[in-house]
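What follows is a single structure, written as structure tokens, with notes after it.
Protein chains get the first letters and strands the later ones, always in sequence-line order, with residue 1 at the start of each.
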Protein chains: 2
Amino acid sequence: MKKSIPTLKAMAEQLGLSISTVSRALNNHPDISSETRKRVQALASEVNYIPNIFAKGFRAHKTNILGVVVPNITHYFTTTLIRGILEEASLRGYRVIVSESNNDVVKQTEMLNTMIQFGVDGVLMSISKMTRDIDSILKVMHTLPLVLLDKASNKIPCTQVVINEEEAAYNAVEHLINIGKKRIAIIKETQFSYNSEKRFAGYLRALKDYNLPIDEKIILTVEDISLTQGEQMTNILMSLKEKPDAIFAITDGAAIGAIKTLKKHKVKIPEDIAVVGFSNSLNSTIIEPQLTTVDQPGQKIGATAVKYLIQEIDNPNVELINKTIEVRSNLIIRDSTLSIK
Amino acid sequence: MKKSIPTLKAMAEQLGLSISTVSRALNNHPDISSETRKRVQALASEVNYIPNIFAKGFRAHKTNILGVVVPNITHYFTTTLIRGILEEASLRGYRVIVSESNNDVVKQTEMLNTMIQFGVDGVLMSISKMTRDIDSILKVMHTLPLVLLDKASNKIPCTQVVINEEEAAYNAVEHLINIGKKRIAIIKETQFSYNSEKRFAGYLRALKDYNLPIDEKIILTVEDISLTQGEQMTNILMSLKEKPDAIFAITDGAAIGAIKTLKKHKVKIPEDIAVVGFSNSLNSTIIEPQLTTVDQPGQKIGATAVKYLIQEIDNPNVELINKTIEVRSNLIIRDSTLSIK
DNA sequence: AATTTGCACGCAAACGTTTGCGAAAACGAT
DNA sequence: ATCGTTTTCGCAAACGTTTGCGTGCAAATT
């Protein structure tokens with residue numbers, strides 16, 4: 001289990017050159033003749049020279065590692081974000097350290113501090129919706145470039161890459177209105193959830209634009225949305241005197257839960273009550289009827305966020321411009337809202 | 001965007017001590033008095049001293065980073081492996097770099113080499129089922145500790161953490177036999193897929209133990225198993241003169257595909273044809289009827305693999321013992337095979 | 001011929017931390 | 001008071017790479 005890694009020193013000795021010349025030749029420095037450069041690079045290739053990252057990082061304070069902090073790694077959409085990040089980072093010569101906060105704010109802070117310790121060049125984060133106090137995040141921003149993705153915040157002055165949440169929700173609700181639905185319920189999270197607030201705003205705007213009344217009794221709020229919560233909230237809707245004729249759930253999981261409950265109540269979907277979800281998870285084609293849902297391009301969001309982060313890393317003296325980049329999503333119409341006119 | 005990190009030198013100046021004394025005090029070296037140690041550690045805490053990882057790694061050649069290479073990060077089971085790895089690694093003071101090979105052998109080799117470059121202390125890998133030539137893996141083993149998990153290989157002499165694949169499959173097929181099924185089909189992958197081969201062996205052994213005939217016409221093999229392949233293979237089974245009365249698919253995805261096809265054929269599940277999957281993915285409770293499946297404890301496998309890898313890292317001069325550690329899985333019985341006797 | 005310029009290299013220092021070894025002071029025994 | 005041992009610190013080197021600056025040599029310019 002020996003680590004017998006070739007060094008600049010060994011190669012310099014073999015070539016009869018100085019260590020600094022070998023270093024410069026490998027880094028295509030203009031001071032080195034092309035003949036010397038070729039000799040050095042040929043030997044480096046022959047002995048499979050790999051630079052010692054500790055020595056390089058120690059000298060240059062740059063690791064080409066990006067830190068990623070996500071709330072929950074097993075969530076499918078998150079895995080698509082990560083895949084986009086991994087691929088784009090790889091294309092640009094970066095590696096990625098992934099951390100999971102479990103939507104725990106203390107752990108999130110801990111992960112951020114550990115990223116600093118590990119000398120990552122920048123951090124990509126999808127913040128926990130439990131985040132109330134942003135001091136720890138602001139502290140990181142004094143030290144490292146930070147880009148938020150998916151779950152963002154209006155209070156954190158950094159670049160954020162998200163989908164067009166409000167517009168996507170607007171389109172989903174508009175689609176329900178277009179198929180004749182007039183009493184559209186929503187299952188959402190609290191105002192502390194960035195995604196939920198934006199989707200709720202789109203819902204409200206669509207109702208307003210189409211002159212549909214807003215009824216608080218069909219606006220259902222949960223703390224931590226899940227399939228089970230979708231089931232339960234739909235049970236509540238089923239117990240109302242005046243039932244909704246559509247349900248817009250802000251996640252696919254909750255929408256699937258809603259479908260399960262509707263089927264238990266022998267409700268015809270979408271004739272009696274239509275259902276729309278959000279995310280286009282794998283489950284959306286497995287449940288029956290197949291779910292109409294907003295498709296979120298997770299890989300594209302991840303890749304875009306990497307581009308912006310690396311741009312910040314490469315331009316450390318440029319004044320921060322706090323951009324919110326909205327990547328477009330699209331509505332995928334399936335059986336749960338198939339037009340019945 | 002300044003990195004103003006406290007150094008040993010700055011603290012030594014403030015305390016009127018040498019750099020080496022401060023270093024030793026922080027590392028609880030026995031040569032340093034307890035009074036001096038307390039003074040140093042108090043200041044380190046006050047200024048939030050964080051050691052420069054490059055300097056430490058440069059000196060000690062240890063990063064406390066583990067490399068992880070998986071075929072496909074969006075696969076749910078893989079995310080549970082990764083979660084187990086992340087949590088156990090964190091408990092033991094390690095960070096994790098995650099890479100995805102996309103089941104591409106060239107990319108897998110590339111990821112392994114990059115892990116070496118990044119100075120990880122060890123590598124955890126779920127190998128691509130496309131792996132035929134193990135030279136690149138053997139090469140890594142000369143340099144770094146390696147532990148395989150989930151997808152293993154009999155040809156690679158290293159520690160492997162897997163579930164009891166054959167036993168689990170045996171139990172699944174036995175359960176089908178116990179509910180009266182006599183003609184059990186299998187949808188599997190080629191012999192190059194470690195998991196498929198083990199599950200197939202369990203299937204064959206159960207048939208043999210219960211004196212059921214083996215019929216090649218209901219042993220269906222695909223290259224890269226998926227939900228769609230499950231649908232297609234089940235269509236083939238439906239076209240047989242003598243149909244099976246049960247289907248054991250080696251992944252949940254294929255089992256769900258089988259259920260979808262059976263439903264299209266108006267087959268009663270499980271009365272006419274029962275279905276068993278493997279993995280206990282999220283989808284297994286969303287499809288109807290809910291799927292009987294083998295529950296794989298991904299987090300436990302991940303955590304166990306980390307333990308063994310760190311053991312190897314901590315004992316570099318101990319001769320390698322090539323263990324295969326089998327973590328127990330269990331069968332979760334749901335509607336797709338509910339006993340009908 | 002003397003001076004200047006350009007090319008192509010090498011020396012040495014720096015980066016932050018760890019550790020071998022030596023030195024000085026303190027302590028205990030005689 | 002002297003000697004041997006123990007305690008507790010500091011000096012200096014090492015780890016591999018990068019880079020500022022200096023040097024030698026050859027060619028061009030004055």
Legend entry - Check: Ser20(B)/Ser23(B) side-chain N/O donor and acceptor closer than 3.5 Å: no
Inset, instruction - Take atom NE2 of His29(B) and atom P of dG10(D), then tell me their distance rounded to the nearest Å. - result: 14 Å
Legend entry - Separation of atom CG in Asn28(B) from atom C1' in dT18(C), rounded to whole Å: 15 Å
Inset, instruction - Could you check how far CD of Glu35(A) sits from P of dC9(C), rounded to whole Å? - result: 8 Å
Inset, instruction - Take the protein atom CG of Leu8(A) and the nucleotide atom P of dA14(C), then report the distance between them rounded to whole Å. - result: 20 Å
Inset, instruction - Might you work through the side-chain contact (heavy atoms from CB on, under 4.5 Å) test for Gln311(B) and Thr159(B), ending with a clear yes or no? - result: CA-CA 11 Å; Gln311(B) 192 176 326; Thr159(B) 299; over 6 Å; no
Inset, instruction - Return yes if the base of dT18(C) and the side-chain atoms of Arg59(B) contain a donor-acceptor N/O pair under 3.5 Å, otherwise no. - result: yes
Legend entry - Below 4.0 Å: OP1/OP2 of dT18(D) and any side-chain N or O of Ser23(A): yes
Legend entry - Intra- and inter-strand pairs of DNA chain C in dot-bracket (Watson-Crick or G-U wobble, both distances under 3.5 Å; | for another strand): ||||||||||||||||||||||||||||||
Inset, instruction - Could you check how far CD1 of Ile19(A) sits from C1' of dA14(D), rounded to whole Å? - result: 13 Å
Check nucleotides 21-26 of chain C for protein N or O atoms closer than 3.5 Å to its own N or O atoms and list the pairs.
none

Legend entry - Donor/acceptor link under 3.5 angstrom from Ser20(A) side chain onto base of dC11(C): yes
Inset, instruction - Report the distance from atom CD of Glu13(B) to atom C1' of dG10(D), rounded to the nearest whole Å. - result: 15 Å
Legend entry - Rounded distance in Å - CD1 (Ile32(A)) to P (dT17(D)): 16 Å
Inset, instruction - Return yes if some donor-acceptor pair links the side-chain N/O of Ser45(B) with the main-chain N/O of Gln41(B) below 3.5 Å, else return no. - result: no
